[in-house]
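For reference, the structure discussed in these notes is given below.
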There are 2 protein chains.
Amino acid sequence: MTPVAKRKMERRKTFNDYIAKKQLKSTKQRDIIFNEFFNYYIGRHVTVEELYEDIKRSNPSIGFATVYRTLKLFKESGIASERNFGDGKARYEPIRSETEHHHHMICTECGDIVEFANMQIESCLHQVAKLNEFNVKNHKLEIYGLCSSCGES
Amino acid sequence: MTPVAKRKMERRKTFNDYIAKKQLKSTKQRDIIFNEFFNYYIGRHVTVEELYEDIKRSNPSIGFATVYRTLKLFKESGIASERNFGDGKARYEPIRSETEHHHHMICTECGDIVEFANMQIESCLHQVAKLNEFNVKNHKLEIYGLCSSCGES
DNA sequence: TTTATTATTGATATTAAATATCAATATCGT
DNA sequence: ACGATATTGATATTTAATATCAATAATAAA
Ligand SMILES: [Mn+2]
Ligand SMILES: [Mn+2]
Ligand SMILES: [Zn+2]
Ligand SMILES: [Zn+2]
């Protein structure tokens, strides 16, 4: 089995377990949204509206509220992250593995998003927290500026 | 002259220069808001609503829109920063010096905000940007969790 | 100082995203 | 198949941010 296929099953299981634990129900709509989101939006950062417009093409009967609620469910169950890049709209992205962690550089000109991870930053940050006796739950780091295409740099 | 008094004059000048450059006008309201904000909110992170409620007590005729627009003006002129800590409300804080730069740890329990600065993080971050040919305009780093009072750590 | 020009003010309206409501319907354990 | 409970989709509400606009204030010109 490919790593991608393996991860697919993992996510499915995590979601199903969450559904079971919370005594929720499996529905056609949730399946459709799950498939669309995890098949086509890996490595992307999609707004609720965008995903809704996308899904509507193949499934016109699905409502915005359902997409909204389902993305929230993905987040709660730990298979998706919510991101906020300062344009007032929440964005969602699939979590690629149990351990992955990354941050973002956002181009203010073209909207392009570059992801990065840096161990040194992570350890500094936890060190600072420890020094202040601060119990870290999560953190965000965003760099705004011009990407290589847009900037003179 | 104390450093605080010196900084006070600097800010005033920066603001006046901005007013002049943009061909705006000095007004009583702007003076009142300026004084309240820079006398009482150094090191704090105030919402528009909070500052408005505060100012209304001594100056009941000042409108919310004016406070809103004036804080925006402070930001544009470079004497205040706008912050967003994920509760959906913009917050403003006076900039303490021309060169200062810091980030925030936000307690999700009591709302307390701890500031910190870390040179190593800053240089790592610029290194990452350089590597990606990304021209940095600004950046934000926020740590969410439990402060020393609220957390078991 | 008076007048003319232009920006500001404060009340109110609008926008937009997030979230709540609810009757009809689907899911699931028995 | 039945009954209990969760879900759906349409719509309404909330809330922060921002736009509108007539009255007013600030500055420049006469
Ligand atoms: Mn990402
Ligand atoms: Mn601060
Ligand atoms: Zn990190
Ligand atoms: Zn920094």
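All values below come from the heavy atoms of this structure, side chains included, with hydrogens, waters and symmetry mates left out. Here is the naming used below: chain letters follow the sequence lines, and residue numbers restart at 1 for every chain.
- B/Phe116 and B/His103 have tilted rings, their planes meeting at an angle from 30° to 60° on a 0 to 90° scale.
- With D/dG9, D/dT27, C/dA11 as the candidates, the nucleotide lying closest to the side chain of B/Ser26 is D/dT27.
- The distance between the ring centers of B/His104 and B/Phe85 falls below 6.0 angstrom.
- Between B/Lys137 and A/Leu146, some side-chain heavy-atom pair lies under the 4.5 Å cut-off.
- One cannot find a donor-acceptor pair under 3.5 Å joining the base of D/dT15 and the side-chain atoms of B/Lys89.
- Within the 4.0 angstrom heavy-atom criterion, no nucleotide atom of any strand lies near A/Glu49.
- Toward the 5′ end of DNA chain C lies the nearest nucleotide of B/Lys25, the other residue of the pair B/Thr66 and B/Lys25 mapping further downstream.
- B/Arg30 comes within 4.0 angstrom of sugar-phosphate atoms only, judged by non-hydrogen atoms across all strands, and of no base.
- Residue A/Thr27 places its side chain closer to D/dT8 than to any other of C/dA11, D/dT18, D/dT8.
- Nearer the 5' end of DNA chain D, as judged by each residue's closest nucleotide, is the contact made by A/Ile19, out of B/Ala65 and A/Ile19.
- B/Phe74 pairs with exactly one of B/Phe34, B/Tyr41, B/Tyr92 by the ring pair (Phe, Tyr, Trp, His ring centres under 6.0 Å) rule, that one being B/Phe34.
- Computed from coordinates, the B/Asn59 CG to C/dT9 P distance equals 13 Å when rounded to whole Å.
- Whole-Å rounding puts the A/Leu71 CG to C/dA17 C1' distance at 14 Å.
- When each of B/Gln23 and B/Pro60 is assigned the nucleotide of DNA chain C with its nearest heavy atom, B/Gln23 is the one assigned upstream, toward the 5' end.
- Atom CG of A/Leu24 is separated from atom C1' of C/dT27 by 12 Å (rounded to the nearest Å).
- Atom CD of A/Gln29 and atom P of D/dA10 are 11 Å apart (whole Å).
- Between B/His139 and A/Tyr144, the ring center distance fails the sub-6.0 Å criterion.
- A/Tyr68 places its OH atom 13 Å from the C1' atom of C/dT21, with the value rounded to the nearest Å.
- Distance, B/Ile62 CD1 to C/dT9 P: 9 Å, rounded to whole Å.
- For A/Leu73 and D/dT7, the CG to P distance is 8 Å, given to the nearest whole Å.
- The CD1-C1' distance, from B/Ile32 to C/dT9, rounds to 12 Å in whole Å.
- B/Lys72 comes within 4.0 angstrom of sugar-phosphate atoms only, judged by non-hydrogen atoms across all strands, and of no base.
- With distances taken from any side-chain atom of B/Arg69 to the nucleotides C/dT9, D/dA26, D/dG9, the minimum falls on C/dT9.
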